[in-house]
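What you are looking at is a predicted structure, and each value in this text was computed from that prediction instead of being measured.
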Amino acid sequence: MSGRMFRLLRADEIECRVQRVTDKGFSVLLYKDARCDMNILDETVGAMGWQRSHSRENANCTVSIWDQEKSQWISKEDTGTESNTEAQKGLASDSFKRACVNWGIGRELYSAPFIWISPFQGELLQSGQKYKVSPRLKLSVSEIEYGENNAICKLTIVDNTGAVRFQKGASNLKQSKSSPETGIKLVTPEQAKEIAEMCVVLFGMDKWQRMLWKSTGYQSPQEIRAENYQEIKERLQKRLNEQST
């Protein structure tokens, strides 16, 4: 065994976890789950080419891979922490994932940028002085690319409506962009967010995307043509004004 043994993670293998929440927004952590580790181990060395063992009541995990050249098992070990739900199961899973990082699986996630997301209307729930993110909001990685030393150079995170919530490495982030299929100029991410927030206030978290399509003919704010942006904004603002009177 020599060099990098395991491939880099695909976008669909990376999970998003809310880490810290304030009244201004929330930070997000990228991580992989134990199933991802098992799948990559099976894919790379075969189901019979690796094994795991636990010690110290699941606090430590050792992942061993069979080295055909040396005719022996090569092992790497790490320790984990308990989860907030199932302590022992979470501890075993965490120590396994950390041991797999020792083998290089998902190590590139340590190069992730600081991810801060500004909330749309209704996404933050307040309890006393504390805030939490609405369970209705789901985030996922839609695109990821790696550069020098396997560091993340491009990253896009979207929510369960398809709206872009975080982007790194896109040179046209602040500018209107054109649809690659038609060349038509589209709204900027900031304008799309503004339209989405207005729709959430008008129609609620559950219905806003369907009502956007019904009201404008666009299935998502990102698809709105730049030439139609002002008209749609004024129409929504008028409805907001009527709703508040």
Side-chain angles (χ1 to χ4, degrees), residues 1-19 27-115 137-160 162 164-170:
M1 294 183 287
S2 61
R4 184 180 180 91
M5 176 179 291
F6 299 98
R7 62 169 174 78
L8 299 170
L9 298 182
R10 302 190 306 264
D12 63 334
E13 294 172 319
I14 301 171
E15 305 289 335
C16 297
R17 176 189 298 143
V18 173
Q19 192 173 31
S27 60
V28 171
L29 179 72
L30 302 183
Y31 71 101
K32 59 182 174 64
D33 62 22
R35 291 186 185 88
C36 173
D37 289 314
M38 290 186 281
N39 289 338
I40 291 179
L41 282 165
D42 286 349
E43 169 192 309
T44 308
V45 301
M48 306 299 290
W50 68 278
Q51 60 183 13
R52 64 188 279 192
S53 59
H54 290 269
S55 58
R56 291 202 312 120
E57 297 182 338
N58 290 332
N60 280 36
C61 179
T62 300
V63 174
S64 303
I65 294 176
W66 181 253
D67 188 327
Q68 193 66 41
E69 294 179 2
K70 297 178 180 178
S71 297
Q72 66 180 55
W73 291 97
I74 306 298
S75 302
K76 296 191 179 186
E77 181 179 5
D78 211 326
T79 189
T81 57
E82 294 181 354
S83 67
N84 294 326
T85 51
E86 300 177 79
Q88 285 302 310
K89 183 179 179 181
L91 183 59
S93 177
D94 191 58
S95 60
F96 172 62
K97 290 185 289 184
R98 289 171 183 262
C100 288
V101 170
N102 277 262
W103 278 104
I105 303 177
R107 192 180 295 167
E108 59 273 17
L109 296 183
Y110 287 120
S111 69
F114 176 70
I115 302 169
L137 177 65
K138 307 296 181 184
L139 298 172
S140 62
V141 176
S142 65
E143 184 180 20
I144 191 166
E145 292 181 10
Y146 305 96
E148 188 177 358
N149 298 321
N150 297 324
I152 297 171
C153 63
K154 188 173 184 180
L155 175 68
T156 303
I157 295 176
V158 299
D159 62 24
N160 42 320
V164 175
R165 306 304 298 272
F166 178 87
Q167 207 164 28
K168 168 188 168 64

> Atom SG in Cys61, atom NZ in Lys76: separation rounded to 0.5 Å?
14.0 Å
> Enter the distance from Ile14:CD1 to Glu108:CD here, rounded to the nearest 0.5 Å.
7.0 Å
> Using the test salt bridge (charged side-chain N to carboxylate O under 4.0 Å, His left out), find all partners of Arg107 that sit at least two apart in sequence or belong to another chain.
none
> The criterion is salt bridge (charged side-chain N to carboxylate O under 4.0 Å, His left out); which residues satisfy it with Lys32, sequence neighbours excluded?
Asp37
> To the nearest 0.5 Å, what is the distance between CH2 on Trp103 and OG on Ser64?
7.5 Å
> Taking only residues two or more places apart in sequence or in another chain, which ones pass side-chain hydrogen bond (donor to acceptor under 3.5 Å, both in side chains) with Arg56?
Asn60, Thr79
> Can you tell me how far apart CG (Asp33) and CD (Glu13) are? Round to the nearest 0.5 Å.
9.0 Å
> If you draw a 6.0 Å radius around CD in Gln68, do more than 12 non-hydrogen atoms from other residues or ligands fall strictly inside?
no
> Test side-chain contact (heavy atoms from CB on, under 4.5 Å) on Leu155 and Ile115; report intermediate values, then the result.
CA-CA 10 Å; Leu155 175 68; Ile115 302 169; 3.9 Å; yes
> Applying salt bridge (Lys or Arg N to Asp or Glu O under 4.0 Å) as the test, list every pair that has at least one member in residues 138-147; sequence neighbours left out.
Glu143-Lys154
> Output all residues satisfying side-chain hydrogen bond (donor to acceptor under 3.5 Å, both in side chains) with Asn102, sequence neighbours left out; order by chain, then residue number.
Asp78
> Take atom OH in Tyr110; do more than 12 heavy atoms of anything else shown fall under 6.0 Å from it?
no
> Suppose we screen for salt bridge (charged side-chain N to carboxylate O under 4.0 Å, His left out). Which residues come up paired with Glu15, at least two apart in sequence or across chains?
none
> Going from OG1 on Thr156 to CD on Gln167, what distance comes out if it is rounded to the nearest 0.5 angstrom?
4.0 Å
> Kindly indicate whether the side chain of Tyr31, heavy atoms from C-beta on, has any atom under 4.5 Å from the side chain of Cys16.
no
> For the CD1 atom of Ile65 and the CG atom of Leu41, what is their distance to the nearest 0.5 Å?
5.5 Å
